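Single-structure report; data block below.
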Amino acid sequence: MEQGTPGEPPTQSAASGRIPLAVVVVDGAGLVSHWSVGARRLFGYEKEEAVGRPVGDLLPVHGAIPEDRESYGAFDGLGPDLETSLDRRISYPAAGRARLTGSRSGGDCRVDVLWWAYPLIGPGPERLLVLAADAARLAAYDGPEGAHTERDVQVERIAPGFALHTDFPGADELAARLPEILPSMSVGESARIVAQVLELGYPVLEFSHHDRVPVTPDWGVARRAERKERRQRAAQAAARGLPVAPDAVDDEGEDLEYAAVRERLEFLNEVSGRIGSSLDLSRTILEVSRAVVPRFTDVAGTYLREQVVAGEGFPEGPPDETTMWHRVAVEHTDEPGRWDDVVPVGESMPFPAHTPFFQCMTSGDPVLVPRISEEMGNAIASQFEKRDIRPLINHRSMLVVPLKARNVVLGFMILLRHRERPVFNDMDRVTGAELAARAGLVLDNARMYTYQESVADTLQDSMLPHIQPRMSGCDIATRYLPGTLLGRVGGDWFDSVKLPGSRTALVVGDVMGHGLNSAAMMGQLRTAVQTMAALDLPPEQLLRNLDDLAQRLGEHYLATCLYAVYDPIASELHLANAGHIPPVLVRAADGRSELLDLPTGAPIGVGGVPFESVTLRVAPGDRLLMCTDGLVEVRGEDIGVGLATLTESAAHPAASMDGACDTIIRALNTRGGRKDDVALLMARLNGIPAENVAHWRLAVDPAEVGRARDMVRAQLRGWSLEGLSDTAELVVSELVTNVVRHSRSSRIDLRMVRSGVLVCEVEDEDQTLPTLLSAGPGDEFGRGLRVVSGLAKEWGTSRTRTGKTVWCELALPRR
């Protein structure tokens, strides 16, 4: 924009695409309340002369269109007369071309103008905004070669010539309503433009071939040639005295109808472009509601079936009086907060059969209520307990449109117009139906995506274990992060398994690939690891068996796995690796962290590859960190960088295990490019002090049963657990007796461990596992394990390298 001095028009190039613009605001009484510098230059009246005068005196448009209509070219006969808009007989934006007489701007006192009239709805005295431009200046835009024609030009925006100072009292109100005229503008932008256009840098009209305001003066251009041809045929017929066909006469009503249809098509096209920008259901709901306010309606309330909001899939069956409808959005142009207390977002309610809402949701068709009567307002208000909604709805025009997808009503929108605004008509009903159809499809897409996300989350949650934070001799914390770009379901997992001897198995694995197939494979491998861990297999043998299983499940799947067994009594870690990234061990003594150097091994599923295990000594307080490669691997970056960051962040002190996990996640997850899912398991290896472990070697002799009871009672007295003596003596007596009677062992080892529970273990050299029997009334044997099962919190059996162990846990008394 070229600058100039106030009161002088800026220099314009014929090819600049800009022309000066007159701005006139008319109040409800038809008097001019604002007259711009552009209006003074175009029409010749000074501001002092124009403000307060009837607009008809300044813009005498009656009979303005001359006989030589051909001189108007592309704008021949378009739109209603300007007079029709000025006297408020038209309630929608209009545009056209007119030759105004009585002007003092030129020698012939005639001005050929293009004009746009925008009714202003709502509070405030201003009722009409008229923009006008010199048609001759626009014709100059054609250029010498005629590269641009008037019919090609479309309005892009209104821009100021200078910064300006305004004392116009209606500027704020007009700025608040400008989005009704130019709905693609933000409120801040509209306020700036109104402040500058009204008073007064030199406002201009900028032209673009791409963007449009709601009303442009090219309505009916495509039909210009057809109308001209009809006029010529009619003239020829009349000259020969022949009858003239009815359709040979230009019909202004036809033009108006065509303009209204075009305007609605543009509105629907604009709405379609503004909704559905994401698959987030909440955001989509707001987009749909905000797209219609204030341009199409003043109030828009959106209701959805509760199943849709809850992400429970497609609702079944037609709605009825018991169907609950969830209010998900309320948009309005009233003062802030006016609707919030009466119809708060988030409320659920049914609608009875006598309401128009029930009629809409059961028929699937729009319901039009030109004016809400007192009787209907009372019926609607009866649904709102202790809240009077009648002042908000009575005497307003209402349109209820269904939100449908695949012939199922997902919800509906209640649209209300202010009393001052024209009532909804049949054309609005059609427009609303089309709007609802498009919005319904967008909402259904968002609903389906939300539902699929919910299914994926449920599937992933069901496959990931809920690990107890405190195991025997160690504390555990975990984190799982779904992939950022490749779907919410993946093949990463972690787990912990309780083992005999107060030991704990820790495992982290990663099935290569993503999606449901990888997640299903992960679930099978995780279940297999739990089963084989319960058999107390050595780590290398467990991975060997898991590799065989993976090959039987399918040759196309590979997985990495890191398996560790922690013995808190011996303070040892036994680890085996199948192609997984190494774990990190943080030493409690000096805070030093290191990547453990383990034999890597091949991934699970390769087949025929041996696995090795490693035994490490650990100290109480040491921390073991195991994770999948999604945490440390970033595309385009060496994995060594991620491993170094992991090792460094793991050594940072933290107030808790969860805090330590969060520190690691923050250190590694902030780097860009992560797409894979992440599984992280951290275990603090607390150990079990020697004073909490008691061990005895017994002979395979019936007399040893009584000695075992005496030793148990004495040990529990020393641990101040006398309350467990009777129960512990009974279960130990049954376990030792079972070995004496049925085992071929030469020795019995009895051990008790006090940690979070009291563990009693009996080990012998016979690998035959005892089973729980159902003893009859006359049976002499078979009740021992049933007694143990009834008294113990948990019990189990497992084979060892030299025999078997039978163990049970007793809950410690509450202090």
Side-chain angles (χ1 to χ4, degrees), residues 179-180 183 186-187 267-268 270-312 315 319 323-351 355-358 360-361 366-367 380 383-384 387 389 392-393 396-405 408-418 424 428 431-451:
E180 302 174 20
S186 67
V187 174
F267 166 67
L268 291 172
E270 179 185 322
V271 168
S272 298
R274 292 173 61 183
I275 64 178
S277 62
S278 75
L279 290 175
D280 179 78
L281 183 58
S282 300
R283 180 174 175 180
T284 301
I285 290 169
L286 289 177
E287 288 177 344
V288 171
S289 301
R290 292 171 178 173
V292 297
V293 176
R295 183 166 176 184
F296 185 70
T297 186
D298 299 305
V299 181
T302 306
Y303 291 75
L304 293 179
R305 295 174 75 164
E306 283 202 320
Q307 300 97 316
V308 177
V309 178
E312 297 176 357
T323 302
M324 298 298 292
W325 299 90
H326 193 82
R327 189 181 302 112
V328 294
V330 177
E331 290 292 324
H332 59 86
T333 59
D334 293 341
E335 57 269 21
R338 186 181 183 192
W339 289 77
D340 297 348
D341 295 335
V342 181
V343 285
V345 172
E347 183 181 35
S348 296
M349 60 191 305
F351 288 98
T355 61
F357 319 119
F358 185 87
C360 172
M361 67 191 186
V367 176
I380 296 174
Q383 305 304 305
F384 296 83
R387 291 169 289 173
I389 195 176
L392 297 176
I393 63 173
R396 288 192 174 187
S397 182
M398 180 172 68
L399 180 63
V400 187
V401 293
L403 301 172
K404 297 190 298 183
V408 174
V409 177
L410 303 177
F412 57 88
M413 294 184 70
I414 303 174
L415 310 177
L416 298 170
R417 283 182 176 174
H418 287 303
F424 288 111
D428 292 323
T431 303
E434 179 63 23
L435 166 69
R438 301 185 188 192
L441 291 176
V442 172
L443 285 172
D444 189 46
N445 287 338
R447 179 201 63 80
M448 291 177 63
Y449 179 76
T450 301
Y451 176 67

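Note that the coordinates shown come from a computational prediction; the quantities given were computed from them, not determined experimentally. Sequence positions, counted from 1, serve as the residue numbers for this chain.
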Discussion item. Can you list everything that forms a side-chain contact (heavy atoms from CB on, under 4.5 Å) with I393? Sequence neighbours excluded, please.
Written reply: W339, I372, I380, I389, L416
Worksheet entry | Side chain proximity check, M398 to P356, heavy atoms < 4.5 angstrom | yes
Worksheet item: When you look at T333 and H418, which way does the side-chain hydrogen bond (donor to acceptor under 3.5 Å, both in side chains) test go after all the steps?
Response: CA-CA 9 Å; T333 59; H418 287 303; 3.1 Å; yes
Worksheet item: Just by modelled atom types, is the F424 backbone N or O under 3.5 Å from a matching donor or acceptor in the S397 side chain?
Response: yes
Item to complete: Under the side-chain contact (heavy atoms from CB on, under 4.5 Å) rule, collect the residues that match up with A433, sequence neighbours excluded.
Response: P366
Practice prompt. Quick one: do R338 and L392 satisfy side-chain contact (heavy atoms from CB on, under 4.5 Å)? Show the steps, please.
Written response: CA-CA 9 Å; R338 186 181 183 192; L392 297 176; 3.2 Å; yes
Worksheet item: What is the distance from atom NE2 of H326 to atom CE of M349, rounded to the nearest 0.5 Å?
Response: 12.5 Å
Worksheet entry | Atom pair CG/CG of L415 and L399 - distance to nearest 0.5 Å | 5.0 Å
Item to complete: May I ask you to test the L403-T302 pair for a side-chain heavy-atom distance under 4.5 Å?
Response: yes
Practice prompt. Assign the ring pair Y303 / F351 to parallel, tilted or perpendicular, where the plane angle (0 to 90°) is split at 30° and 60°.
Written response: perpendicular
Fill in: Cationic N near anionic O, under 4.0 Å, D334 to R396
yes
Worksheet item: How far apart are the C-alpha atoms of V367 and F357, what are their side-chain angles, what is the distance that settles it, and do they pass the side-chain contact (heavy atoms from CB on, under 4.5 Å) test?
Response: CA-CA 8 Å; V367 176; F357 319 119; over 6 Å; no
Practice prompt. Identify the heavy atoms of R417 and D428 that sit nearest to each other, and give their distance.
Written response: NH1-OD2, 3.3 Å
Discussion item. Measuring only between side-chain heavy atoms, which start at C-beta, is L410 closer than 4.5 Å to K404?
Written reply: no
Practice prompt. Working to the nearest 0.5 Å, report the span between CE of M413 and CG of L304.
Written response: 10.0 Å
Discussion item. For a 4.5 angstrom cut-off between non-hydrogen side-chain atoms, does P402 reach M361?
Written reply: no
Worksheet item: Is the gap between the ring centers of F412 and W325 under 6.0 Å?
Response: yes
Worksheet item: Are any of the side-chain heavy atoms of V408 and R305 separated by less than 4.5 Å?
Response: yes
Discussion item. When you compare the side chain of D298 with that of V293, does any pair of heavy atoms fall below 4.5 Å?
Written reply: no
Item to complete: Go through the structure and list residues passing side-chain contact (heavy atoms from CB on, under 4.5 Å) with L435, not counting sequence neighbours.
Response: L268, V271, V292
